[in-house]
Amino acid sequence: MSGKRPFYTLSLLAASARLLQNRPVRPAILVLLAAACAPAQARTTVAIDVGHFLEEPGATSARGRTELEFNRELALEIESAARGRGLETMLIGSDGFMSKLAGRTAAAAGAAFFLSVHHDSVQPHFLETWEYDRVERLFSDRYAGFSLFVSRKSAFVRPSLACASAIGEAMRRAGFSPSLYHADPIPGESKPFADRTNGVHYYDNLVVLKTARAPAVLLEAGVIVNRGEEQKVQSEDVRKRIAAAVAEGLERCLVRKNAAAAR
């Protein structure tokens, strides 16, 4: 049956194009065309979640910027890069007002994939103080790198892990390194590896991961309390490189999943 679908869809589109010349039936044909195209779009739609919100903006960088600012900038770059690869996107939480985490996954209903975009900090006992712009601020140069998380409480844990690994592999090929410290056996960490090579950890109780209605991954793109990494990830060039790698991983993951479903 799956082998007939492309021919059937093309035939429907061709017939619809002819019928569009008939003004009385044009509205009905437009509805049919939308119905024919919608499933294909849904299979490649990525919901891009901007982590945190205005009242709780996440970590504070070494120079005083909120994580929410970093998350929004990177999410917009990922959206652009994903669209450049032919993927459909929906942006969630970009206005900073979406405080209900379960509301984010509900808003993503119908998407093929849910990606939550974040930037990282470290455990409080690793933080030191320094003065920047005449203000005493917190920093830690101890760790750097990206991390990816999936939940074993998700109904889609296997495809979530496959997509996380694809993103991590693309990030490494683009020259970025996984941080790995989230697996350290210390209070607040101890997140076991799901794929050590590609920087993927299990984090079972993250709300957006366990309630998502599709495969879901949370990305920590870099450690913004690290003074050097903070400057890197807020540069336009590095943001574009991260976004391109994430989009590459998403495309590989979704295309592979769709190809398997068609067989």
Side-chain angles (χ1 to χ4, degrees), residues 48-81 91-101 103-104 115-149 167-168 171-172 174-191 199 201 203 206-208 217-246:
I48 303 170
D49 170 48
V50 178
H52 296 287
F53 53 98
L54 291 171
E55 294 174 0
E56 296 182 15
T60 301
S61 76
R63 291 171 178 81
R65 292 188 77 208
T66 67
E67 181 189 343
L68 177 61
E69 295 174 77
F70 287 85
N71 296 347
R72 184 187 290 116
E73 290 170 350
L74 180 57
L76 290 170
E77 289 286 3
I78 293 172
E79 180 184 42
S80 177
L91 199 61
I92 295 172
S94 61
D95 61 3
F97 293 108
M98 188 170 282
S99 59
K100 302 294 185 184
L101 295 179
R104 293 169 182 254
L115 175 71
S116 191
V117 178
H118 289 255
H119 289 74
D120 219 349
S121 184
V122 298
Q123 293 302 316
H125 61 272
F126 291 131
L127 293 171
E128 306 172 58
T129 59
W130 74 311
E131 187 174 298
Y132 175 75
D133 201 18
R134 299 183 180 181
V135 177
E136 187 176 87
R137 302 190 184 277
L138 296 174
F139 81 97
S140 175
D141 295 337
R142 184 184 184 104
Y143 298 109
F146 71 88
S147 299
L148 295 146
F149 298 93
I167 294 169
M171 290 277 286
R172 289 193 303 106
F176 301 101
S177 299
S179 63
L180 305 180
Y181 75 92
H182 287 292
D184 290 351
I186 60 174
E189 299 300 344
S190 300
K191 307 297 188 301
H201 301 259
Y203 197 164
L206 283 174
V207 173
V208 293
V217 171
L218 187 143
L219 166 68
E220 297 278 8
V223 182
I224 56 173
V225 294
N226 180 307
R227 292 173 294 185
E229 185 143 277
E230 174 198 20
Q231 292 182 309
K232 289 178 183 177
V233 297
Q234 71 181 359
S235 74
E236 183 178 1
D237 176 65
V238 172
R239 274 202 315 272
K240 287 184 179 297
R241 286 173 52 211
I242 293 172
V246 172

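Numbers here are sequence positions counted from 1.
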With a cut-off of 6.0 Å (strictly less than), are more than 12 heavy atoms of other residues, nucleotides or ligands near [atom1] of [X]?
| X | atom1 | value |
| --- | --- | --- |
| Lys232 | NZ | no |
| Phe139 | CZ | yes |
| Glu131 | CD | yes |

> Do side-chain atoms of Asp133 reach the backbone of Val135 as a donor and acceptor pair under 3.5 angstrom?
Replying inline: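 Side chain of Asp133 to backbone of Val135: no pair is present.
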> So, Asp141 side chain and Arg227 main chain: donor-acceptor pair closer than 3.5 Å or not?
Replying inline: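 Checking the backbone N and O of Arg227 against the side chain of Asp141, a donor-acceptor pair under 3.5 Å is found.
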> Run the side-chain contact (heavy atoms from CB on, under 4.5 Å) check on Gln234 and Glu69 step by step: do they pass?
Replying inline: CA-CA 9 Å; Gln234 71 181 359; Glu69 295 174 77; over 6 Å; no
> For Arg65 and Glu73, what are the C-alpha separation, side-chain angles and deciding distance, and is it a side-chain contact (heavy atoms from CB on, under 4.5 Å)?
Replying inline: CA-CA 12 Å; Arg65 292 188 77 208; Glu73 290 170 350; 2.8 Å; yes
Atom [atom1] in [X], atom [atom2] in [Y]: separation rounded to 0.5 Å?
| X | Y | atom1 | atom2 | answer |
| --- | --- | --- | --- | --- |
| Leu101 | Leu206 | CG | CG | 9.0 Å |
| Leu219 | Asp49 | CG | CG | 11.5 Å |
| Arg239 | Ser80 | CZ | OG | 11.5 Å |
| Thr66 | Leu54 | OG1 | CG | 8.5 Å |
| Glu79 | Leu115 | CD | CG | 11.5 Å |
| Arg137 | Leu127 | CZ | CG | 14.0 Å |

Please give me the minimum heavy-atom distance between [X] and [Y], naming the atom from each residue.
| X | Y | result |
| --- | --- | --- |
| Ser94 | Val50 | CA-CG2, 3.9 Å |
| Ser190 | Pro185 | OG-CA, 3.4 Å |
| Gly93 | Met98 | CA-CB, 4.2 Å |
| Val223 | Ser121 | CG1-O, 4.2 Å |
| Leu180 | Gly199 | CD2-CA, 4.5 Å |
| Ile48 | Ala75 | CG2-CB, 3.9 Å |

Do [X] and [Y] have side-chain heavy atoms sitting under 4.5 Å apart?
| X | Y | answer |
| --- | --- | --- |
| Leu138 | Val225 | no |
| Phe53 | Leu68 | no |
| Ile242 | Glu77 | no |
| Phe149 | His118 | no |
| Phe70 | Glu230 | yes |
| Glu67 | Ile224 | yes |
| Arg172 | Pro178 | yes |
| His52 | Asn71 | yes |

> Between His182 and Glu189, does any side-chain donor sit less than 3.5 Å from a side-chain acceptor?
Replying inline: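 Short answer, yes.
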> Can the ring centres of Phe146 and Phe176 be said to be less than 6.0 Å apart?
Replying inline: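 Phe146 vs Phe176: aromatic centres not under 6.0 Å.
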> Can you check side-chain contact (heavy atoms from CB on, under 4.5 Å) on Trp130 and Arg63, steps first, answer last?
Replying inline: CA-CA 10 Å; Trp130 74 311; Arg63 291 171 178 81; 3.9 Å; yes
> Step by step, would you call Asp120 with Tyr143 a side-chain contact (heavy atoms from CB on, under 4.5 Å)?
Replying inline: CA-CA 10 Å; Asp120 219 349; Tyr143 298 109; over 6 Å; no
